[in-house]
Amino acid sequence: MSLALMINRNSFLFGLLLVLSFYSCEYKDTAVAPPSPVALLPECEDAIITGYTNKISYFPGEEAEVFLQSAKHINCGLGLYNINGELVFRAKATPSPQTQSSAEPWRDGFGYKSSGKIIVPPWLKSGIYYIEKKITIVVKSMASTDVLVVYPSNTINAYNPVGGKSLYGFNSSEGMASTIVSFLRPMDSTIEKEECIECLKWFPSLSHLKIKYVVDMDLDNYSSFHSKIIMIVGHSEYWTRRARMNFDRFVNEGGNAIILSGNTMWWQVRYTSNNNGLICYRSSELDPEVDESLKTVQWRNQILQYPILPSIGEDFEGGGYGLHLDNGWNGYKIFNPSSPLLEGLSFKKGDILKLPSTECDGAPIKAWDADGFPILDNEQLQFAKLELIGFDFGSRGNKETVPTFTVMQKKTSSGIIVNVGTMDWCSIGGMGNQDSGDKIKVITRNAIDKLLNGKKVFSE
């Protein structure tokens, strides 16, 4: 062998070892993708038509199985992107043409063949990620953090019509809703994009905070909480009994909650035995469950003996629909400008925080004062502290409703709950609104920082 050939071969081997050793390092900056041994494969990107994963949330180091549909069989580098669209890493995958193997794919899942298994990198921070910018996964953490953000995976699945049906007749084939919807199918991302995305994109900019993320199913395990604040975002309508019990336990034991959601905790649901499906019959008679406390009906149904108001102080019955014809302001009329949550915004009583809202929650109202502002009915709630910050008018059926923005403490020993009462707080029309988006961010940050630092959140 010539000397030149030996040098070239040794240089190549040294370079290869250098690349592989670089790839095996623990990377802390998820905005930069490390070198990858799949770099020589074509990038999957547009070859992926749709797909799903075997679960919604993973711990770093866990194996995620992907089921991908493409126009043709291909070996490619599958990209994982963070919430800001930045490539995090690539892994080998083999997407291929797929056909649904189930007669009821909305119920039983699509039954695609596996396109590969990828190891979620041990260095990956907890957050919201996207496989080829199409399939959402949540990376969680067991670490103790400042804030726990709950991604509303149950509600997203409930409204998801992919495969033919959802839990709603309006977007199901033949107008007939299903009573069970599978997580093992592609998810329609409309709710995420319209009702959650502005908060999810903003949270990573709060670099002074330690934040972790979970999905609804993770709330069934109390060890998932392990944070100072739990934050409910977007549209969090479907809760299991175990999740609600864990939420109440967290608050009762001194944990704080910030609810950036509306129509919160409206329906009880269960999961299928393998956790692959979401169950909601909407009728105690149709639901075959023997235990009446587990019937999948509205939480206000007396059969469940677990109303919403004692948990979060507001409910959809009192808030209704904010964008229907009413006498409101498509936002909150400020009642209490001295609230510490409004610090730095120079609001005066009667000013409007513009916030067009679709579905809202409202606290019980006892009466109205001489200036036309509602008086909350704490005689019904029996909370240690309850304060109104702002209100709107809405409707539900033929009844006028009063969406409310409140802060409360159930007992002097319990944590504090800030409840904004609208599913649009985190939406493009809320936090993404040019007129009031920055104000909504200030209020949200005030709530987080004051609760974390033990500062006053009540005006009195």
Side-chain angles (χ1 to χ4, degrees), residues 126 140-152 199 203 206 208-214 216 218-234 236 239-262 264-265 299 306-315 336 339-343 361 363-364 376 378 380-389 404-422 425-426 443-460:
S126 180
K140 49 192 179 180
S141 170
M142 288 298 293
S144 177
T145 59
D146 297 320
V147 178
L148 170 70
V149 176
V150 182
Y151 180 80
C199 282
F203 290 152
L206 304 177
H208 68 297
L209 299 176
K210 295 179 181 178
I211 303 177
K212 68 178 181 180
Y213 299 76
V214 295
D216 289 321
D218 295 318
L219 297 182
D220 277 21
N221 185 345
Y222 192 67
S223 65
S224 297
F225 287 68
H226 208 44
S227 297
K228 298 173 184 177
I229 298 173
I230 180 172
M231 193 135 60
I232 312 298
V233 301
S236 189
W239 285 63
T240 65
R241 178 170 286 265
R242 178 57 58 188
R244 280 202 60 194
M245 291 173 64
N246 285 339
F247 175 89
D248 286 344
R249 174 185 169 185
F250 176 76
V251 173
N252 292 340
E253 292 180 353
N256 299 308
I258 300 176
I259 302 175
L260 309 180
S261 169
T264 305
M265 297 180 182
W299 282 108
Y306 202 170
I308 302 164
L309 289 177
S311 291
I312 58 173
E314 305 183 4
D315 66 10
N336 187 7
S339 168
L341 299 179
L342 304 182
E343 187 175 283
D361 289 339
L376 300 181
N378 200 25
Q380 177 179 342
L381 295 174
Q382 293 291 302
F383 289 167
K385 291 184 178 180
L386 177 65
E387 192 166 284
L388 176 68
I389 299 171
T404 55
F405 174 11
T406 56
V407 57
M408 65 203 75
Q409 185 176 28
K410 294 191 282 184
K411 298 180 180 180
T412 55
S413 59
S414 68
I416 293 170
I417 300 175
V418 175
N419 193 339
V420 305
T422 167
W425 190 270
C426 293
I443 296 170
T444 306
R445 182 158 181 170
N446 281 343
I448 295 171
D449 290 346
K450 290 180 184 298
L451 289 175
L452 282 179
N453 296 306
K455 295 184 177 180
K456 186 171 72 169
V457 292
F458 293 96
S459 58
E460 298 179 356

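Keep in mind that this is a model prediction, so the values were computed, not measured.
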If you compare all heavy atoms of [X] against all heavy atoms of [Y], which two are closest, and at what distance to 0.1 Å?
X: Gly313; Y: Pro364; answer: O-CD, 3.8 Å
X: Val420; Y: Leu260; answer: CG2-CA, 3.6 Å
X: Cys426; Y: Gly234; answer: SG-N, 4.2 Å
X: Gln409; Y: Phe383; answer: O-CB, 3.6 Å
X: Asn419; Y: Ile312; answer: ND2-O, 3.2 Å
X: Val407; Y: Phe458; answer: O-CE2, 3.5 Å

For [X], does the [atom1] atom have more than 12 heavy-atom neighbours from other residues, nucleotides or ligands under 6.0 Å away?
X: Arg242; atom1: CZ; answer: no
X: Lys228; atom1: NZ; answer: no
X: Lys450; atom1: NZ; answer: yes
X: Gln382; atom1: CD; answer: yes

### Task
Step through it carefully: locate the ring centre of Phe225, locate the ring centre of Tyr222, and say whether they are under 6.0 Å apart.
yes

### Query
Is the Trp239-Tyr306 ring centre distance short of 6.0 angstrom?
no

### Message
Assess the residue pair Met231 and Ile448 against the criterion (side-chain contact (heavy atoms from CB on, under 4.5 Å)); give the C-alpha distance rounded to whole Å, side-chain angles, the decisive distance to 0.1 Å, and a yes or no.
### Response
CA-CA 9 Å; Met231 193 135 60; Ile448 295 171; 3.8 Å; yes

Can you confirm whether [X] sits close enough to [Y] that some side-chain heavy atom of one is under 4.5 Å from a side-chain heavy atom of the other?
X: Leu341; Y: Val457; answer: yes
X: Asn256; Y: Val418; answer: no
X: Trp425; Y: Val233; answer: no
X: Val147; Y: Leu206; answer: no
X: Leu342; Y: Asn446; answer: no

Side-chain donor or acceptor of [X] paired with backbone N/O of [Y] under 3.5 Å:
X: Ser227; Y: Ile230; result: no
X: Ser141; Y: Lys212; result: no
X: Asn453; Y: Lys455; result: no
X: Thr404; Y: Ala363; result: yes

Gap separating the [atom1] atom of [X] from the [atom2] atom of [Y], nearest 0.5 angstrom:
X: Asp315; Y: Ile308; atom1: CG; atom2: CD1; result: 5.0 Å
X: Gln380; Y: Leu309; atom1: CD; atom2: CG; result: 6.0 Å
X: Met408; Y: Lys385; atom1: CE; atom2: NZ; result: 13.5 Å
X: Ile229; Y: Ile211; atom1: CD1; atom2: CD1; result: 9.5 Å
X: Asp220; Y: Arg241; atom1: CG; atom2: CZ; result: 12.0 Å
X: Ser144; Y: His226; atom1: OG; atom2: NE2; result: 4.5 Å

If you measure only the distance, is there a donor-acceptor pair under 3.5 Å linking the side chains of [X] and [Y]?
X: Asp146; Y: His208; answer: no
X: Thr264; Y: Ser236; answer: no
X: Ser311; Y: Asp248; answer: yes

### Task
Could you go through the side-chain contact (heavy atoms from CB on, under 4.5 Å) check for Asn252 and Lys411 one step at a time?
CA-CA 8 Å; Asn252 292 340; Lys411 298 180 180 180; 5.9 Å; no

### Message
Is there a side-chain contact (heavy atoms from CB on, under 4.5 Å) between Phe247 and Leu219? Walk through the geometry before answering.
### Response
CA-CA 8 Å; Phe247 175 89; Leu219 297 182; over 6 Å; no

